[in-house]
2 protein chains.
Amino acid sequence: MQKQNKLKVLTNPRLTEAAAIIEKALAQRRTIIVVGECKVLYSGRAKSTLEPGERILIIKEDGSLLVHRPIGYEPVNWQPSGSVFHVQTKADVVEVHAVRQKPRENVRVLFYEVFMVSALSLNDSGEFSLYASEKEMHRAILRKPSLLEEGFTPISYEKKVEPGFVDVYGVDKDGKLVVVEVKRKTAGKEAVLQLARYIDAIKAKADRELRGVLVAPGLGKDVQRLLVTLGLEFKALDPKKCAKVLKKDQNAKLETFFEEGK
Amino acid sequence: MQKQNKLKVLTNPRLTEAAAIIEKALAQRRTIIVVGECKVLYSGRAKSTLEPGERILIIKEDGSLLVHRPIGYEPVNWQPSGSVFHVQTKADVVEVHAVRQKPRENVRVLFYEVFMVSALSLNDSGEFSLYASEKEMHRAILRKPSLLEEGFTPISYEKKVEPGFVDVYGVDKDGKLVVVEVKRKTAGKEAVLQLARYIDAIKAKADRELRGVLVAPGLGKDVQRLLVTLGLEFKALDPKKCAKVLKKDQNAKLETFFEEGK
DNA sequence: ATATGCATGTCGCAC
DNA sequence: GTGCGACGTGCATAT
């Protein structure tokens with residue numbers, strides 16, 4: 001069974017044993033987990049000391065390092081990927097020294113006792129997808145207006161119109177004004193009523209024909225009827241699709257595309 | 001030996017065994033490490049999926065959760081401290097579900113195979129000290145005003161002046177008021193403009209001659225010109241030097257040195 | 001290479 | 001609780 005290769009674990013090893021495993025795993029670029037009592041010294045952009053206590057050290061294949069205390073989401077000390085490691089066994093201490101080149105930074109983890117050391121060969125090719133937030137959906141539509149419909153041209157976004165902010169604002173292929181309300185999740189009737197309020201507010205100011213389009217991955221149960229009653233439209237759009245659009249060209253400076261005023 | 005209590009490790013356990021250990025460790029508020037093949041789903045402020053692969057899951061005593069891939073400094077998924085956990089064993093899957101209340105967020109980790117599971121009782125009371133933060137630079141200047149310039153006498157610090165807080169506030173050797181803005185890193189133009197806003201705000205209140213001094217280890221590219229244009233000054237100061245000054249007299253409670261009001 | 005803006009940012013502190 | 005700024009922020013991208 002090749003589990004043997006995947007995983008090596010020692011509990012309460014002698015320090016010399018632990019050091020040997022760590023050094024070998026570093027050479028083989030395996031992932032390392034060490035649990036034990038240690039002190040940590042950092043110097044670089046700033047400087048820190050962490051007095052002895054029991055923590056978890058993780059060293060990854062790519063040369064990143066994490067020291068985690070038993071409390072708190074963030075690592076207390078770390079080193080980003082690409083760090084270079086040295087292991088030194090002194091009298092009663094194993095020192096793991098991680099060096100980052102630019103900027104020059106050092107993290108030294110000194111183990112006085114090791115409760116567990118583990119060397120792992122992890123195989124992870126699973127795709128990670130982060131779906132868009134609502135604001136990202138706005139940006140995606142501005143980036144690629146055809147997501148809304150062919151011929152749509154955005155004019156402004158997050159425009160103040162008194163009840164609040166209109167998500168996206170533009171002109172369709174016939175020159176008709178279009179007000180767009182975006183929702184990341186299935187839209188309920190609040191979304192429809194919100195859009196209706198914007199439409200009314202804008203109509204009151206400029207008496208011009210308007211289209212209102214609700215953009216969301218889906219519509220709630222009785223929302224369809226309400227939408228039609230109010231003369232509004234619906235366009236299905238998946239946040240995932242937006243994320244994909246943005247991936248191509250992520251930080252277009254939309255702030256400069258449209259003047260805030262108009 | 002009470003190492004037994006500190007540490008429990010199983011390698012290649014059956015899923016039901018792994019689930020049992022995780023549930024027990026959660027109940028006892030111990031730190032948990034699980035290594036195995038899993039899929040991860042997140043939904044909350046945004047939404048993400050992570051297809052199956054081999055990763056490290058850490059759950060800490062305080063209810064924080066981390067999922068680490070074998071590459072990368074940052075966790076691919078996480079949940080901050082205070083999350084509530086549920087473990088469910090289905091047919092061929094163990095699901096760890098972490099819920100954060102506010103904002104409402106869910107992370108589900110579904111294990112198809114567990115290579116190692118470990119429950120730990122970590123004891124960590126070691127003090128962590130970070131040197132040379134921006135606030136410590138303030139304190140260093142208050143401690144040793146000559147770091148700014150000879151004859152400088154601080155009056156107040158972190159004083160509210162409407163756009164925000166002035167870092168340090170004092171009088172120079174000629175009795176002229178000095179407003180000091182401190183940056184730990186090379187100062188950009190935002191720092192200069194921030195200082196200028198403070199100066200303007202204070203001038204508006206008390207029509208008295210003011211000097212504005214930007215303190216930082218260095219100045220950004222075109223910042224020098226802007227500084228001069230606005231009639232402000234620059235004083236180079238290294239955070240590390242500040243740390244050294246503070247080391248001499250570490251726990252002076254500067255809060256009591258100056259009354260907040262004046 | 002540096003500069004700019006975003007992040008499931010997180011965290012701490014003041015109001 | 002809510003808001004605001006700092007962070008060894010990290011990270012991705014445009015210049």
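Predicted model only: the values in this text are computed from it and were never measured. Every chain is numbered from 1, with letters handed out A, B, ... down the list of sequences. As a basis for the values below, the full set of heavy atoms in this structure was taken, side chains included, without hydrogen atoms, waters or symmetry mates.
- To the nearest angstrom, P of D:dC4 lies 14 Å from CZ of B:Arg197.
- A search for side-chain contact (heavy atoms from CB on, under 4.5 Å) contacts involving A:Val93 returns A:Leu110, A:Tyr112, not counting sequence neighbours.
- Nucleotides D:dC4 and D:dG8 place their P atoms 22 Å apart, quoted to the nearest Å.
- In terms of position on DNA chain C, the residue among B:Lys47 and B:Lys189 whose nearest nucleotide sits closer to the 5' end is B:Lys189.
- Side-chain N or O atoms of B:Arg29 include one that pairs as donor or acceptor with a backbone N or O of B:Glu61 at under 3.5 Å.
- Remark: C1' of D:dA6 and CZ of B:Arg139 are 16 Å apart, rounded to the nearest angstrom.
- Among residue pairs with one or both ends in residues 66-79 of chain A, those qualifying as side chain to side chain donor-acceptor pair (under 3.5 Å) are A:Ser48-A:Asn77, A:His68-B:Lys60, A:Arg69-B:Asp124; sequence neighbours excluded.
- Distance A:Gln79 CD to D:dG8 P: 13 Å, rounded to the nearest Å.
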Canonical and wobble pairing (Watson-Crick, G-U, under 3.5 Å) of DNA chain D, dot-bracket with |
|||||||.|||||||
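- Atom CG of B:Leu50 and atom C1' of C:dT8 are 14 Å apart (whole Å).
- C:dT8 sits 23 Å from C:dT4 when the P atoms are compared, rounded to a whole Å.
- Under the salt bridge (charged side-chain N to carboxylate O under 4.0 Å, His left out) criterion, B:Glu233 pairs with B:Arg211, sequence neighbours left out.
- Taking the nucleotide of DNA chain D with the nearest heavy atom to each of B:Lys102 and B:Arg184, the more 5' of the two is matched to B:Lys102.
- Residues forming a salt bridge (charged side-chain N to carboxylate O under 4.0 Å, His left out) with A:Lys90 (at least two apart in sequence, or on another chain): A:Glu95.
- Under the rule for a side chain to side chain donor-acceptor pair (under 3.5 Å), the partners of A:Asp62 that lie at least two apart in sequence or sit in another chain are A:Ser64.
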Could you run down the sub-3.5 Å N/O contacts of the protein with nucleotides 10-13 of chain C?
unit_1	atom_1	unit_2	atom_2	d
C:dT10	OP1	B:Arg45	NH2	3.0
C:dT10	OP1	B:Trp78	NE1	3.1
C:dT10	OP2	B:Arg45	NH1	2.9

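- Distance, B:Asn77 CG to C:dG9 P: 13 Å, rounded to whole Å.
- Here the C1' atom of nucleotide D:dG5 and the CE atom of B:Met137 are 17 Å apart, to the nearest Å.
- In this structure, A:Glu54 contributes its side chain and B:Asn123 its backbone to a donor-acceptor pair below 3.5 Å.
- Within the structure, every pair that satisfies the side chain to side chain donor-acceptor pair (under 3.5 Å) test and touches residues 31-43 of chain A, not counting sequence neighbours, is listed here: A:Tyr42-A:Glu105.
- Partners of B:Ser118 according to the side chain to side chain donor-acceptor pair (under 3.5 Å) rule, which considers only residues two or more places apart in sequence or in another chain, do not exist here.
- If you take CG of A:Leu65 and C1' of D:dG10, they are 16 Å apart, rounded to a whole angstrom.
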